[in-house]
Amino acid sequence: AAAPAQAPDLAGLSDQLERLAQLLAASNMAALPAFDKLERLGSPAHQGALDALGQAIRALDFGAGRELCTALQRALAEAA
């Protein structure tokens, strides 16, 4: 039998989102590399939300990034 497709690491994604949310709340520039790491863990189902989050972070709009991060955390919790 074929191995199932690799499922996204939702626990890892959730952990990285929590770390990112803390960095964004503190307006910490470490949010940029933290997002890059998060983006590599992302699942196709959340790509739109990740794209919007990335745009906010790269524009250094950490307030909007925090809101998007929180929304993505909620979406992940509902999907779990």
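These values consider heavy atoms only, across backbone and side chains, with no hydrogens, waters or symmetry-generated copies.
- In terms of heavy atoms, Phe35 sits closest to Leu50 at CZ-O, 3.3 Å.
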Practice item. Assess whether side chain to side chain contact (heavy atoms under 4.5 Å, CB included) is satisfied between Asp61 and Gln55, documenting all intermediate values. Key: CA-CA 9 Å; Asp61 187 347; Gln55 287 178 354; over 6 Å; no

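- Shown here for Asn28 and Phe62, the closest heavy-atom pair between the two residues is O-CE1, 3.7 Å.
- Across every non-hydrogen atom of Leu24 and Cys69, the tightest pair is CD1-CB, 4.2 Å.
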Practice item. Run the numbers on Leu32 and Leu60 for side chain to side chain contact (heavy atoms under 4.5 Å, CB included), then give the verdict. Key: CA-CA 9 Å; Leu32 285 104; Leu60 303 182; 3.9 Å; yes

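- Here the side chains of Leu53 and Leu17 are in contact, with some heavy-atom distance below 4.5 Å.
- Between Leu72 and Ala49, the shortest heavy-atom contact is CD1-CB, 3.8 Å.
- Side chains of Thr70 and Arg66: a donor-acceptor N/O pair is present below 3.5 angstrom, by distance only.
- When every heavy atom of Ala31 is checked against every heavy atom of Ile57, the shortest pair comes out as O-CG2, 4.2 Å.
- Donor-acceptor pairing under 3.5 Å is recorded for the side chains of Gln47 and Asp51.
- Rounded to the nearest 0.5 angstrom, Leu13 CG and Gln73 CD are separated by 9.5 Å.
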